[in-house]
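The structure under discussion appears below in the form of structure tokens.
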2 protein chains.
Amino acid sequence: MQYARPVPSGASQLVQAALRSFAASGFEGASLQRIADAAGLSKSSVLYHFDSKEALLDAALRPAVVDLRDLLGTADLDDPAGTQAFLARFVDFLFAHRLEVAVLVNHGSALRGQPVVDEADALVVEVAHRLRPADASDRDAVRFGVALAGAAFVLVGADRWATEQLPDEELRPLLAAVLAELVLPAAPQPA
Amino acid sequence: MQYARPVPSGASQLVQAALRSFAASGFEGASLQRIADAAGLSKSSVLYHFDSKEALLDAALRPAVVDLRDLLGTADLDDPAGTQAFLARFVDFLFAHRLEVAVLVNHGSALRGQPVVDEADALVVEVAHRLRPADASDRDAVRFGVALAGAAFVLVGADRWATEQLPDEELRPLLAAVLAELVLPAAPQPA
DNA sequence: GAGCGTACTGCACGATCGGTCAGTCCGGTT
DNA sequence: AACCGGACTGACCGATCGTGCAGTACGCTC
């Protein structure tokens, strides 16, 4: 009898190693050899499980894109309460897919043309568009952009610039609160 | 007699080509060959003007780091007016060094150990630290992080996600205003 | 035990990588 | 005319890149 497979040998740990490498070094900077070494396999094995380096990227990012699409599909953004709930789930998404978000946010512009990346970009545009009320000003739009980009980036670069590292479970509600503060039109502003 | 040199032949356009390549493809993704082609020179010429690829990166990022250090050195952050003035100049800095900021923000984590990058990171930490008032809460700190990262990223990824592109000169004051709104403790917030 | 599919590997390939080096061209001095 | 130094180049190097391919070890079913 076999319990939970102790080492999820094979493709799944290749995906994890690839994700780490892509996030740390970018797609071109990461080599199949180093990914294979990190996963404890040979370079040939990588290309046995995945047709190409691009296919490996696709496999690594796909779950995050699926999750984001689901999140957007079930979102209710008609009232402030729904929007706030969505933002909390969005922050959860960011936490759940840190590495994927890092790849998309930092190295996405070099990956235009990769289907996964293009899909992810389209979803981000949709998030921004649906969050924006009909009567939003340009300034509101800029604030939304800063909020979304900032939230993603605080998470992605947390280990890089954070002087005093907040533990994830303290940062999560704070990030959700700040996001809500910036996105909800509640915040009164002069003129 | 010679007016302003029409094509600033040589090293300076190599630096520009390199900056564009690094910003678009990352340090490892950019090759000396492609940089040379973009500058209309041979690969050998790149290594004639710069000792190594790393030296080229240094030359490309150095002016931005110098400007940021100057900006920080002359900053007066003791009162809200001084802080607001600093933020406007910070936004100007982001606009003036878009490509350098893109390299540092997107690919900086892969460039740890490069002296220019480490210096830039240290300056960013100093900006965040000096902006933060003594009585700032964790939530304030998160909002500052979102604001700074978001501002940088809105500029860096503007061409990627912006649905309706704002011209620079409209975006600039909006970004400064939003930054001030987020950083200055002026914004009233419930509990 | 023959046969088969899955997981995995070593080896070799052409291309490209960053970098070295000897040499060419050319305007300015002497 | 001889010389010099800066700008620039082509040929070449060893290493590494992504990828193709033949082969091996193992567990399963007839």
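Just the heavy atoms: all of them, side chains too, but no hydrogens, waters or symmetry mates, feed the values below. So that the names make sense, note that chain A is the first sequence line, chain B the second, and so on, each numbered from 1.
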Under 4.0 Å, counting only non-hydrogen atoms across every strand here, what does A:S45 touch: a base, just sugar-phosphate, or nothing? base
Could you tell me the separation between the CZ atom of A:R34 and the P atom of D:dA15, rounded to a whole number of Å? 16 Å
Outermost nucleotides of DNA chain C that come under 4.0 Å of a non-hydrogen atom of chain A: C:dT6 to C:dC11
Atom CG of B:D37 and atom P of D:dT9 are separated, to the nearest Å, by 11 Å
Might you work through the salt bridge (Lys or Arg N to Asp or Glu O under 4.0 Å) test for B:R89 and B:D70, ending with a clear yes or no? CA-CA 11 Å; B:R89 295 209 305 161; B:D70 287 352; over 6 Å; no
Is it the case that A:R172 places NZ or CZ above or below the six-membered ring of A:F95, under 6.0 angstrom from the centre and within 45 degrees of the axis? yes
Mind checking A:S31 for me? I need base, sugar-phosphate or nothing, with any heavy atom below 4.0 Å counting as a touch. sugar-phosphate
Can you tell me which nucleotide in D:dA7, D:dC17, D:dT19 comes closest to the side chain of A:Q33? D:dC17
With salt bridge (Lys or Arg N to Asp or Glu O under 4.0 Å) as the rule and sequence neighbours excluded, what pairs involving residues 27-56 of chain B come up? none
Could you please spell out the steps behind the side-chain hydrogen bond (donor to acceptor under 3.5 Å, both in side chains) verdict for B:H97 and B:D67? CA-CA 9 Å; B:H97 296 290; B:D67 277 8; 2.8 Å; yes
4.5 Å side-chain heavy-atom contact, A:L41 and A:V46: no
Using a heavy-atom cut-off of 4.0 Å across all strands, would you classify A:L47 as base, sugar-phosphate, or nothing? base
Check the distance between D:dA7's P and B:L41's CG and give it to me in whole angstrom. 12 Å
Name the residue closer to the 5' end of DNA chain D, choosing between A:A30 and B:Y48 according to the nucleotide with the nearest heavy atom. B:Y48
Does any donor-acceptor pair link the side chain of A:K53 with the base of D:dT19 at a separation under 3.5 Å? no
Take the protein atom CZ of A:F27 and the nucleotide atom P of D:dC17, then report the distance between them rounded to whole Å. 13 Å
Kindly determine whether A:E119 and A:R62 satisfy salt bridge (Lys or Arg N to Asp or Glu O under 4.0 Å), including the steps that lead there. CA-CA 10 Å; A:E119 289 179 41; A:R62 186 61 65 184; 3.0 Å; yes
